[in-house]
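Every number for a ligand or one of its atoms is a count from 1 in the order of the listing. Note that this is a predicted model, so its numbers are computed, not measured.
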Amino acid sequence: MLSTTPVRLILRGILLVAAAAASSIASAEDGYDLWLRYRPLAPALRAQYATKPTAIFVERRSSRLAAAASELQRGLSGLLARPIPVSGLRDGAIVLTYTNCSPTGAYRLRSVRLHGHPVTLVSGCGDVGTLYGAFALLRLVQTARPIEHLDLSDAPKLSLRMLDHWDNLDGTVERGYAGASLWNWRELPKIDKRMIDYARANASIGINAVVLNNVNADARILTPLYLRKVAALADAWRPYGIRIFLSARFSAPIELGGLKTADPLDPSVRAWWRAKADEIYRVIPDFGGFLVKANSEGQPGPQTYHRTHADGANMLAAVLAPHGGTLLWRAFVYSGAATDDRAKQAYAEFAPLDGKFASNVIVQVKNGPIDFQPREPFHPLFGAMPHTRLAIEVQVTREYLGENAGIVWLGTMWSEALRSRTARPEPNSQVLDAISAMAGVANIGSDRDWSGSDFDQANWYAFGRLAWNPAADPARVAEDWTRMTWGNDPRVVKPIVAMMMTSREATVDAMTPLGLAHQMASDHHYGPGPWVSDQPAPLWNPTYYNRADAHGIGFDRTATGSNAVAQYASQIARCLADLRCVPDSELLWFHHVSWTYRLRSGETLWNALVDRYDSGVADIAGMNSTWSRLAPHVDPQRHAAVAGSLRRQLLEAEWWRDASIAYFQSLSKLPLPPGHSAPAHPLAWYEAVRFDTVPGFLAPGIGSCRTSVVTRGDPPCAP
Ligand code: GCW
């Protein structure tokens, strides 16, 4: 733990006072407004909207149209720096209407004449479609695009676009790096303004479902006390098209109902769940349903009673079905004690159950077969369950990607997963063809800036846009967010988009290049720990994943090893198993090779590995320089915040590189390639680094070591 010397205490005091003063002077750019900032456009850009829009006319009564109108009024009045009233029909008005069409949420924006008036008609499939259309129209203006002669329509490709919060009832957030939980259980059912702003942000990117509580669930969320509070949120969010789901603890009938069992085939258990579902729907008529993590990492589940995942899921689905609810059942399962490759376990348990799930069950599968690593190949289940509805689950919060430091934009990563070719059932089938829902583990907390940093907001944004359209072009999403968040000045937009687009690859290189995975320190997953081999379960050890020794490195998942490749379609498996075909980015995921193995580029593995670590660090250093150059064009408050965050990212990247190289060199015994400098410290120094608190794990809030990491020559936290 960081020693709190008097000097440090004094410094901390000064910083706190300075921070308080700064925030009271310029709280305007504290990140609270997200991408819905609505600051006036530059006069030259504003000119194109001189005659239009003039007003907003709401054609039908509906709380969602009212929400849309109020957002348009607020947004356009801000952007165009003139009042845009909600009024009767007139020339230049925006007209809000809807019809019953499908898919729900689709919209069309059109320049038409209505009763002789030239207007912009926003019409939705259902009133929620109009709400999305209003945000789409706002986005056009926010990004300075024309709204004359409009005829633009869009529809969500997935019906369920869901944020999963891993919030605990005590206010902590598992893997949360943006402060305590947003849900104020003590104050609820009182609704504060922040709950509405949260819903506005979600609606603006099409998110239509929210799971309030951690999948490591506390059964008490299902008690009347909490349900009353949940119902208040459901009422507040209904105008924004958001349905609430809850994580349900499978053993709740025992814990809350006093039953002796939670066996899904036991009639008393079924009756208990049926009564519980009926009770929930009495207070929340449009309740979405349950999300369940079962028989995974110590959570209870049907296997405790020798039943299958399908038995468990179908029992819960049956009690939700009469109310139109959906049951999401997670496929993130593995046994710490298992001797088989962890990457194979979910497939082994779930693929045989294809076709056995009820029609209102969605099996929720993480993007990769292990666990939200900086890079993983796609999960083989996406090509293996053609008769089951599937959701892809991605992690918006950066558990394994540097928490909230610097810039790591995940739009490119998710797009890579979504567009991965499964080759099933058709040769060109992709992951995005296999899914009907997308879930993202939220990165939202009660920090003023919501996500822990300005750039982490971009990941929330990208999640919504890709859940709306999994085939969306990430560069376009990044550009929209940048314009909405940082303004339309091309001197700002171009470099920021470029940084976002390369940031994830830079992070992969600095942490786990060439297909390495799970090299993080244990439990809290903060910082490097490739040497760790003392965990009680073998597959919690980074050494389990890197398999590095004096001869080589990497996990053989071909037929000579675990044969995980066999879980993919044969043409995909053939390539992955073949050293001449497997992409370098997945080399060590699928193959164990010698340190002197030559890549297709001719480089040796050892040299390439060192080179990747260094280029990751160099790219992150490059982002620091790019950002410094943006100082004249970005408001000082946010510029300083991002600059500080990028500095931390660079220090941490150097720490990752140096610790990893120090460890792997202790095995390979090879010299560093020319031009690469030695790690700043001996291996023992890196191995001795300890943290007692890291946000999102063990302790809530800000850990004592969070901001003091790695200055060269000073251990992050004294061992
Ligand atoms: O990534 C791992 C996390 C756990 C998490 C688990 C899961 C909620 O380290 O904190 O538990 O995945 O997805 O269930």
Side-chain angles (χ1 to χ4, degrees), residues 162-170 172-178 181 211-219 221 245-250 290-301 303 309 312 328-336 342-343 345-346 349-350 362-376 379 381 391-403 410 413-414 417 438-445 463 511-512 517-527 529 532 535-537 539-542 544-545 691 693-700 703:
M162 185 168 80
L163 270 183
D164 292 3
H165 289 261
W166 284 357
D167 291 22
N168 299 315
L169 299 185
D170 65 2
T172 57
V173 180
E174 185 152 345
R175 311 307 178 183
Y177 312 104
S181 171
V211 182
L212 288 178
N213 60 319
N214 193 351
V215 286
N216 293 331
D218 185 328
I221 191 89
F245 288 68
L246 293 175
S247 290
R249 188 165 162 85
F250 199 77
F290 297 130
L291 169 66
V292 181
K293 170 176 177 178
N295 295 117
S296 168
E297 298 185 330
Q299 295 301 308
Q303 292 175 341
H309 286 292
L328 291 132
W329 191 267
R330 294 176 90 227
F332 175 70
V333 295
Y334 68 94
S335 154
R342 173 170 168 189
Q345 294 187 29
E349 282 189 42
F350 277 84
I362 297 181
V363 173
Q364 184 164 309
V365 182
K366 287 189 181 180
N367 58 285
I370 289 186
D371 190 10
F372 298 139
Q373 295 305 297
R375 170 164 277 117
E376 293 193 34
H379 202 303
L381 278 175
I392 187 171
E393 179 180 317
V394 298
Q395 200 179 37
V396 188
T397 189
R398 289 194 274 134
E399 173 182 358
Y400 295 101
L401 284 127
E403 303 184 345
L410 302 175
M413 167 161 141
W414 301 329
M438 184 156 170
V441 180
N443 66 348
I444 303 158
F463 168 72
M511 285 182 165
T512 50
H518 226 307
Q519 299 300 289
M520 295 74 195
S522 303
D523 299 333
H524 53 63
H525 301 152
Y526 175 55
V532 173
Q535 291 292 295
L539 48 68
W540 290 343
N541 286 314
Y544 169 92
Y545 298 94
F691 296 92
T693 55
V694 169
F697 186 79
L698 296 181

Parallel, tilted or perpendicular for F372 and W166, by the 30°/60° rule?
tilted
Can you sort out which atoms of ligand 1 are near Y400, meaning under 4.0 Å from one of its heavy atoms?
1 (O), 9 (O)
Under 3.5 Å side-chain donor-acceptor pair for E174 and N168
no
Does an N or O from E399, backbone or side chain, lie closer than 3.5 Å to an N or O of ligand 1?
yes
Residue N214 vicinity, atoms of ligand 1 by number, heavy atom under 4.0 Å:
8 (C)
Atoms of ligand 1 less than 4.0 Å from F332 heavy atoms?
6 (C), 7 (C), 12 (O), 13 (O), 14 (O)
From the candidates Q395, K293, R330, the one that places a heavy atom nearest atom 13 (O) of ligand 1
R330
Taking ring pair (Phe, Tyr, Trp, His ring centres under 6.0 Å) as the test, write out the residues that go with Y545, two or more places apart.
H518
Does only the side chain of Y334 get under 4.0 Å from ligand 1, or the backbone, or both, or neither? Count heavy atoms.
neither
Do any N/O atoms on D371 end up under 3.5 angstrom from N/O atoms on ligand 1?
yes
Just checking, is any N or O donor in the side chain of E399 or Y177 under 3.5 Å from an acceptor N or O on the other one?
no
In the protein, what heavy atom is nearest to atom 6 (C) of ligand 1, and what distance, to one decimal place, separates them?
E297 OE1, 3.3 Å
Between ligand 1 and Q299, can you find any atom pair, the residue atom being a heavy atom, that is separated by under 4.0 Å?
no
I'd like to know if the side chain of E349 pairs up with that of N295 as donor and acceptor (distance under 3.5 Å, no hydrogens or angles considered).
no
Name of the residue among R330, H379, K366 meeting side chain to side chain donor-acceptor pair (under 3.5 Å) with E393:
R330
Do any nitrogen or oxygen atoms of E393 lie less than 3.5 angstrom from nitrogen or oxygen atoms of ligand 1?
no
Nearest to atom 11 (O) of ligand 1 by heavy atom, M520, Q364, K366, E174: which?
E174
Below 4.0 Å from any atom of ligand 1, is there a heavy atom belonging to F697?
no
Just go through V441, N216, T397 and tell me whose heavy atom is the nearest to atom 8 (C) of ligand 1.
N216
Answer yes or no: is there a side-chain heavy-atom contact under 4.5 Å between L410 and V394?
no
Does a side-chain heavy-atom distance below 4.5 Å link V396 with W414?
yes
Run the ring-centre check on F697 versus H525 and record whether the distance is less than 6.0 Å.
no
